[in-house]
Amino acid sequence: MSGSSPSAIASPPVQPAQGFGKKFGASLGMIKIAHTIFALPFAIIGWAWGVAAVKESAAINPELNEVAVRSLPVLAERVGAGPWAWTLIWVVIAMVGARSFAMAFNRIVDRKIDASNPRTAKRELVTGTLSLRFAWGVALFAALLFLTASAMINHQTLILAPLALVIIGGYSLTKRWTALCHLVLGLGLALAPLGGWLAAVGRPWDIASGNEWAPLGLTIFTSLEGAGNAVGESLAIVLQPSVVALALGVLLWVAGFDVIYSLQDEDFDRGYGLKSIPVRMSAKGALFISRLLHAGAMVCWILAIVFFDQTVRALSQGNGAGALVEYAPEHTLGAVSYLALVIAGVCLLYEHSLVKHDDLGRVDAAFFTMNGVISIVFALLVILDVFVIG
């Protein structure tokens, strides 16, 4: 870590990246594409839970048997894509676009800070490997990719997409004025399971209620009232107990490991006037807060599994099934999902054992390796549980 008085870091001149291949490689380094591994599995969990809810509705209400197929836009029909393949592909593209925008925007607005921090002084915009103009191009392309993917899914995702961009982009500015910036980052990644869920359930629920949409999910609002009603309907679909609990768990989990990661810059941030929990509470206090956040994440994920059956039941019965006293959902979560929780808990305990307030040598292993294992294993087991075992 640096001392308390940051200064510009003198680095040897670096040649700008030339040609598509080198610029593409440098862009991947700038946006750290591998870090998509944190949020993408949870987006797929949200999508899988939404698919399960739609299938439950179709099973208990014969009129909805073709709802998923009818919900496909014209382009999907022309290329022969099935409903779930179509939405999953665009969920993945949306995630890549959203995270690429967030990282590119972060590098742009933080380039002067990065130039003064020894840990970040070799980033592409600081060294001149990529130009500021090119970075803006990457950010705008990624934002357009995200908006396009959202439009390809359904109008619910398209309506909420601009709000998502504001949140994930706004995180980069929050460390200038609040130590709660870690929670804002967590909120950005927590949108992943909510978006995945909405991708699966949004359009089918529109069709079921008679709200047909134009091809590709595009529309023009004729009044602010119409736009407000549409946003309200979107939020009503998103705010289901199990999905909200899953997203809150992601928020707390991400905030917890971001606190650990930010320990590396405690001295620099304090000298530069930036805000963070380590700056506010010192390393020892920050690690305690991180443990509390991760404990809260585990509680939320437990609740997400507990509430899953209730969420599927409520949506299915509310979608034309009526009051089915004997109804038992076909898609459920059980022992395998709780095993996923146990594995996640063990990984978090090990993560915290790697980092001490006076020894930050293994922060990278705690940050990337263990959290990557958590997201992948948790997603694989929960999805296996709902579709194969449940």
Side-chain angles (χ1 to χ4, degrees), residues 39 42-44 46-47 49-51 53-54 57 67-68 70-76 83-84 86-102 105 139-171 184 187-240 243-244 246-248 250-251 311 315 318-319:
F42 284 95
I44 296 176
W47 168 86
W49 285 8
V51 170
V54 173
S57 293
V67 67
R70 289 175 57 203
S71 72
L72 281 173
V74 172
L75 181 59
W84 307 128
W86 175 266
T87 53
L88 179 59
I89 288 170
W90 287 108
V91 164
V92 173
I93 293 174
M95 287 300 305
V96 172
R99 196 185 182 286
S100 298
F101 164 76
F105 185 74
L140 292 175
F141 174 79
L144 287 174
L145 183 65
F146 173 66
L147 292 172
T148 299
S150 300
M152 289 290 184
I153 297 170
N154 60 58
H155 91 279
Q156 310 279 3
T157 51
L158 178 60
I159 289 168
L160 297 180
L163 175 61
L165 287 178
V166 169
I167 292 173
I168 62 179
Y171 155 72
V184 181
L187 175 61
L189 272 69
L191 298 177
L194 296 175
W197 164 267
L198 192 55
V201 304
R203 186 183 291 268
W205 257 256
D206 283 338
I207 301 295
S209 61
N211 297 325
E212 298 282 354
W213 261 78
L216 305 185
L218 298 175
T219 190
I220 299 176
F221 294 119
T222 57
S223 67
L224 290 177
E225 181 181 359
N229 290 339
V231 172
E233 292 172 1
S234 302
L235 292 176
I237 295 173
V238 168
L239 299 179
Q240 299 298 319
V243 184
V244 170
L246 178 66
L248 285 175
V250 172
L251 189 160
T311 293
L315 282 176
N319 202 13

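Residues that satisfy the side chain to side chain contact (heavy atoms under 4.5 Å, CB included) test with L165, not counting sequence neighbours, are F101, A143, F146, L147, I168. Every residue two or more places apart in sequence or in another chain that forms a side chain to side chain contact (heavy atoms under 4.5 Å, CB included) with L248 is listed here: V244, C300. L251 is linked by a side chain to side chain contact (heavy atoms under 4.5 Å, CB included) to L183, L187, A190, counting only residues two or more places apart in sequence or in another chain. The side chain to side chain contact (heavy atoms under 4.5 Å, CB included) check on I44 picks up L40, W47, L88, I383, with sequence neighbours excluded. The ring-ring contact (aromatic ring centres under 6.0 Å, His included) test applied to F42 returns W253, W301, F378, not counting sequence neighbours. Contacts of W49 classified as side-chain hydrogen bond (donor to acceptor under 3.5 Å, both in side chains), with partners at least two apart in sequence or in another chain: none.
Distance check: I153 CD1 to I89 CD1 gives 11.0 Å after rounding to the nearest 0.5 Å. Once rounded to the nearest 0.5 Å, the distance linking OG1 of T157 with CG of N154 reads 4.0 Å. Interatomic distance, CE of M95 versus CG of L189, reported as 6.5 Å (0.5 Å rounding).
Of all the heavy atoms in G97 and L145, the pair that sits closest is CA-CD2, 4.0 Å. Residues I93 and A149 approach most closely at CG2-CB, 4.0 Å, considering heavy atoms. What you find for L160 and L198 is that their closest heavy atoms are CD1-CD2, 3.7 Å. A53 and V201 get closest at one heavy-atom pair: CB-CG1, 4.5 Å. A pairwise comparison of heavy atoms in M152 and W86 identifies O-NE1, 2.9 Å as the closest pair. For the residue pair V91 and A199, the shortest heavy atom distance occurs at CG2-CB, 3.5 Å.
The backbone N or O of W84 sits less than 3.5 Å from a side-chain atom of T87, completing a donor-acceptor pair. W90 places no side-chain N or O within donor-acceptor distance of the main-chain N or O of A151, the cut-off being under 3.5 Å.
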